[in-house]
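The structure appears right after this line, and notes come after that.
Ligands are counted one by one from 1 in listed order, and the atoms in each one are counted from 1 as well. Please read all numbers here as calculations on a predicted model, not as lab measurements. When reading the values below, keep in mind they use all heavy atoms of this one structure, side chains included, and skip hydrogens, waters and symmetry mates.
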Amino acid sequence: MGNLSGMIDIEAYAKQALEKIKREGRYRIFAELERNRGNFPKAKMYMDDKKKEVTIWCSNDYLGMGQHPKVISAMHQALDRYGAGAGGTRNISGTTHAHVLLEKEIADLHAKEAALLFSSGYVSNWAALSCLGSHLDNVVILSDAGNHASMIEGIRHSKCKKIIWKHNDPEDLGKKLEECDPKQPKIIAFESIYSMSGDIAPIAEICDLAEKHGAMTYLDEVHAVGMYGPRGGGVAEREGLMDRITVIEGTLGKAFGVMGGYIASSNNICDFIRSFSSGFIFTTALPPAVVAGATASIQHLKMSNMERTEHKARVNQVRSKLNEIGIPHLENEGHIVPIVVKDPVKCKFISDSLLDHYGIYIQPINYPTVPKGTERLRITPSGVHTKSDIEHLGRALNDLWSQCALSRIAA
Ligand code: PLP
């Protein structure tokens, strides 16, 4: 769109683009929440000039570690000891003792030689993949079709050759590897648990293919770290496969309940990315208090299985409730429970009604986060939801499913 002078009328453009997504029912409205320490998954929600209590059913703080006394105490102590910010990039005065300790903790979690911290999981994927893709001569990255935007953007930014293989399909990956030049360096990039569908990758089969074709493996364990494996090292730990993965990437912001991202790999690979990646070099380091909180969270979840056990029980209870009332949900062996509504307007209507009439917060997931026609409510039970929270959720969904005349599965 342009005006007579050839300049873009950005105001008009923005207004029109926003009107379009509103008509399509995929305009995003954020819920303004106030989480109260010790009261999760309940929170206060700001609506106009009122506050209302809601139950959160869509948080990625899966284990409630964002409220854990050890994490909060570590953050308080670090804040009092070190002050607020890191004071610069890691190169220029931002590396503190706390950062070094956390990297050691992460390397140990994944049984790797080293780890490298980033400001978020998004940045770690973007920075590591763009660095590898742009520096390794003639490299091709084979990327699962369901990969997260942070991986896609990192690969795109690297300008290296990219091949997309069918989601979680080792047969298709195998065919695509056969078609590559055997001498060409290859990276297979995939996730262990896919966030929007909750399904789990066949990691062992992918590693077999990688070894057969001399490819390196890059595994995003963002939704799995803290959650799976005897020490919370993720699905690769649970399946005894960590040593077969070249780079494991994770977040400190979901099950660990704080913020930040990382990669864990060999000394050389971490040092290479530390030295060449702009997404690591040119940005202020994480605040020491955040780093100390994440360290406490990882340390706790390495030793304690209680949170994982409680969480698993709650996920099973939610699934049973949905089966009982016939609400279709995607089956997976993970912890994410997606209810696919397949209609952006109905999806938003259900989400709004849950909030307005039942005090339940579940954000609708629409395009471009998921493909059009697969709009969904993504339920993430936590270990701290109660039996009565689950009953209330079931009653609310049951009512709204009938109101929207959506089909059911046989109970
Ligand atoms: N990778 C996956 C698969 C994700 O789902 C997300 C975020 O939701 C990220 C990476 C980014 O992690 P972070 O939220 O720490 O930036």
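Of the protein's non-hydrogen atoms, the one nearest atom 1 (N) of ligand 1 is Asp220 OD2, 2.6 Å. Closest to atom 14 (O) of ligand 1 among all protein heavy atoms lies Lys254 NZ, 3.3 Å. Considering only non-hydrogen protein atoms, atom 5 (O) of ligand 1 sits nearest to His223 NE2, 2.6 Å. When hydrogens are left out, the protein atom nearest atom 9 (C) of ligand 1 is His148 CE1, 3.4 Å; that is the closest non-hydrogen contact.
At least one heavy atom of Ser150 sits closer than 4.0 Å to an atom of ligand 1.
In summary, the side chains of Arg90 and Thr96 do not present any donor paired with an acceptor at a separation below 3.5 Å, with no hydrogens or angles considered. Of the N and O atoms on the side chains of Asn305 and Arg231, not one donor lies less than 3.5 Å from an acceptor on the other residue.
Taking the side-chain hydrogen bond (donor to acceptor under 3.5 Å, both in side chains) definition, one finds that Thr217 meets it with Thr246, sequence neighbours left out.
Using the six-membered ring where Trp is involved, His110 and Tyr262 have ring planes that are tilted, between 30° and 60° apart. Taking the six-membered ring where the residue is Trp, His157 and Trp126 present tilted rings, their angle falling between 30° and 60°.
Every atom of ligand 1 is numbered from 1 in the order shown, and the set under 4.0 Å from a heavy atom of Thr251 is 13 (P), 15 (O). Using a 4.0 Å cut-off to heavy atoms of Tyr122, the atoms of ligand 1 that qualify are 11 (C), 12 (O), 13 (P), 16 (O).
In Lys166, the NZ atom is not crowded: 12 or fewer heavy atoms of neighbouring residues, nucleotides or ligands sit closer than 6.0 Å.
In terms of polar-atom proximity, Glu249 is not counted as a contact of ligand 1, lacking any N or O under 3.5 Å from an N or O of the ligand. In terms of N/O distances under 3.5 Å, ligand 1 is approached by Gly121. Residue Glu191 has no nitrogen or oxygen atom sitting less than 3.5 Å from a nitrogen or oxygen atom of ligand 1, judged on distance alone.
The closest donor-acceptor contact from the side chain of Asn398 to the backbone of Arg395 lies at 3.5 Å or more, if one exists at all.
Proximity of Asn125 to ligand 1, defined as any heavy-atom pair under 4.0 Å, is confined to the side chain (atoms from C-beta onward).
The heavy atom nearest to atom 10 (C) of ligand 1, out of those in Thr369, Val258, Val222, Leu252, is found in Val222.
Relative to the ring axis of Phe40, Arg35 places its NZ or CZ within 45° and under 6.0 Å from the centre.
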